[in-house]
Amino acid sequence: MDDRARPFRSVLYIPGSKERALEKAKTLAVDSIIFDLEDAVSPDEKANARVLLAKTLSEGGYGARFQLVRINGFDTEWGAADFDAIAAIGPQAILLPKVGSAEDIAAVAEMLDGRPGCNQTKIWAMMETPEGILNAAAIARAPRMGGFVMGTNDLAKELMCKFRADREPMLTSLQLCLLAARAAGIAVVDGVYNAFKDEEGLRAECEQGRDMGFDGKTLIHPAQVAVANEVFAPSEADVDLARRQIEAFAEAKAQGQGVAVVDGKIVENLHVATAEATLAKADAITALAAEVA
Ligand code: COA
Ligand code: MG
């Protein structure tokens, strides 16, 4: 699948130490998986999780789901060994925690250069520290960058802000990362919703993230998948409107006009581009869903 068209509506964290969850993920309708060696794995499980995860991923079974591996930071005792074990299997993407600067990415890109099987490996960045957020524009343009994951739990801790339903204390950080990601043309996925049994709350936060422009949401439990897939996909009404806009504009153009009107609103060239992107996204979702069903 073309990387630019790839959907990232649902991006599920799976602790690299949990064999049952690793197995279960092969059956879940997620667009992407973050196999975690960092915060979801306790210190005394780190070494075993690394071995289990490398073995599990080299055996495969995750189909078209985009696979990221979150390793521990290089400032911890596990980071270098995680990198070696995961680079050895030629991963689709390595997700680095607590990225502070573009230099952090460049250093890892250099480590990947020349490694067998890592030609296509992307680097993704956890955006979760004040320094990282302030450097987002440069980080997004660093070599091999594929996307941002918002680390909203760490960010709240670092900012010393409160969790609120409207997320107002965090909006500046979220939007700086969105701006940086869109300027560089990389993916950007929203943070997790901690109360994994609260479907209504999850839906509201997904809708907020979608309206802001995020590609999707990171998730912690399979029960969250369906909501994220639904909210971040174009709705039937979106697709219908897009089709009507494209048709109306083509008709207007045929009559020598540069503007059409649909549902009482003007449609110009740029709206047609958005409408075409909506249809392309819907097609990409259908294609991926067929592969992971
Ligand atoms: N990915 C895949 N499968 C998962 C899963 C996940 N993140 N979380 C739970 N499951 C599976 C369980 O293995 C279980 O499978 P089974 O039916 O084969 O037994 C099933 O879903 C139901 O799980 P449940 O009993 O409801 O949850 P739990 O009590 O086992 O775990 C959490 C709850 C929150 C501890 C667990 O979901 C988890 O570890 N989430 C990931 C946390 C994480 O990665 N944090 C780091 C980023 S913030
Ligand atoms: Mg974190």
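Order of appearance sets the numbers: ligands from 1, and atoms from 1 within every ligand. Keep in mind that the numbers below use all heavy atoms, side chains included, and drop hydrogens, waters and symmetry copies.
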Evaluate the side-chain proximity of K217 to E205: yes if any heavy-atom separation is below 4.5 Å, no if none is.
yes
Could you tell me whether A25 approaches ligand 1 through its side chain, its backbone, both or neither, with non-hydrogen atoms closer than 4.0 Å?
neither
For ligand 1, find out whether one of its N or O atoms is nearer than 3.5 Å to an N or O atom of R70.
no
Hey, is atom 46 (C) of ligand 1 touched by any protein heavy atom at less than 4.0 Å?
yes
F249 side chain near H271 side chain, heavy-atom distance below 4.5 Å
no
Do you see a protein non-hydrogen atom under 4.0 Å from atom 1 (N) of ligand 1?
yes
Sub-3.5 Å N/O-N/O distance, L12 and ligand 1:
no
Option set E38, E23, K24, R20, criterion heavy-atom distance to atom 19 (O) of ligand 1, minimum
R20
Using a distance threshold of 4.0 Å (strictly less than), state whether atom 29 (O) of ligand 1 has a protein heavy-atom neighbour.
no
Nearest to atom 37 (O) of ligand 1, what protein heavy atom do you find, and at what distance?
I220 O, 3.2 Å
How far is atom 34 (C) of ligand 1 from its nearest protein heavy atom, and which residue and atom name does that atom have?
F196 CE2, 3.6 Å
What do we get for L219 next to ligand 1 when only non-hydrogen atoms under 4.0 Å count, side chain, backbone, both or neither?
neither
Closer than 4.0 angstrom: is that true for some heavy atom of K18 and an atom of ligand 1?
yes
Rounded to 10°, how many degrees is the angle OD2/D154-the Mg ion (ligand 2)-OE1/E128?
90°
Which pair of non-hydrogen atoms, one from I34 and one from T218, has the smallest distance, and what is that distance?
CD1-CG2, 3.9 Å
If the threshold is 4.0 Å, N to carboxylate O, is there a salt bridge linking R167 and D190?
yes
Output the distance between atom CG (L202) and atom CG (N194), rounded to the nearest 0.5 Å.
11.0 Å
Within-4.5 Å side-chain heavy-atom neighbours: N153 and D39:
no
Below 3.5 angstrom, do we get any N/O pair linking Y13 and ligand 1?
yes
List ligand 1 atoms under 4.0 Å from A40, heavy atoms only on the residue side.
43 (C), 44 (O), 45 (N), 46 (C)
How about N135 and S101: does a side-chain donor come under 3.5 Å of a side-chain acceptor?
no
Specify whether F8 and F66 have parallel, tilted or perpendicular ring planes, treating 30° as the upper limit for parallel and 60° as the lower limit for perpendicular.
perpendicular
Look only at interatomic distance and state if N153 has a nitrogen or oxygen under 3.5 Å from any nitrogen or oxygen of ligand 1.
no
What protein heavy atom sits nearest atom 23 (O) of ligand 1, and how far off is it?
H221 NE2, 3.5 Å
Nearest heavy atom to atom 8 (N) of ligand 1 wins, so pick from P222, A21, A223.
P222
Please check atom 16 (P) of ligand 1 for a protein heavy-atom neighbour under 4.0 Å.
yes
Are the side chains of Q92 and L68 in touch, meaning some heavy atoms are under 4.5 Å apart?
no
Would you say T286 and D283 are linked by a side-chain donor-acceptor pair, where the criterion is simply a distance under 3.5 Å?
no
Value rounded to 0.5 Å, distance of CG in D215 from CZ in F232:
8.5 Å
Would a 4.5 Å heavy-atom cut-off, applied to side chains only, mark M212 and L171 as touching?
yes
Would you check the N or O atoms of D39, main chain and side chain alike, for any that come under 3.5 Å of an N or O of ligand 1?
no
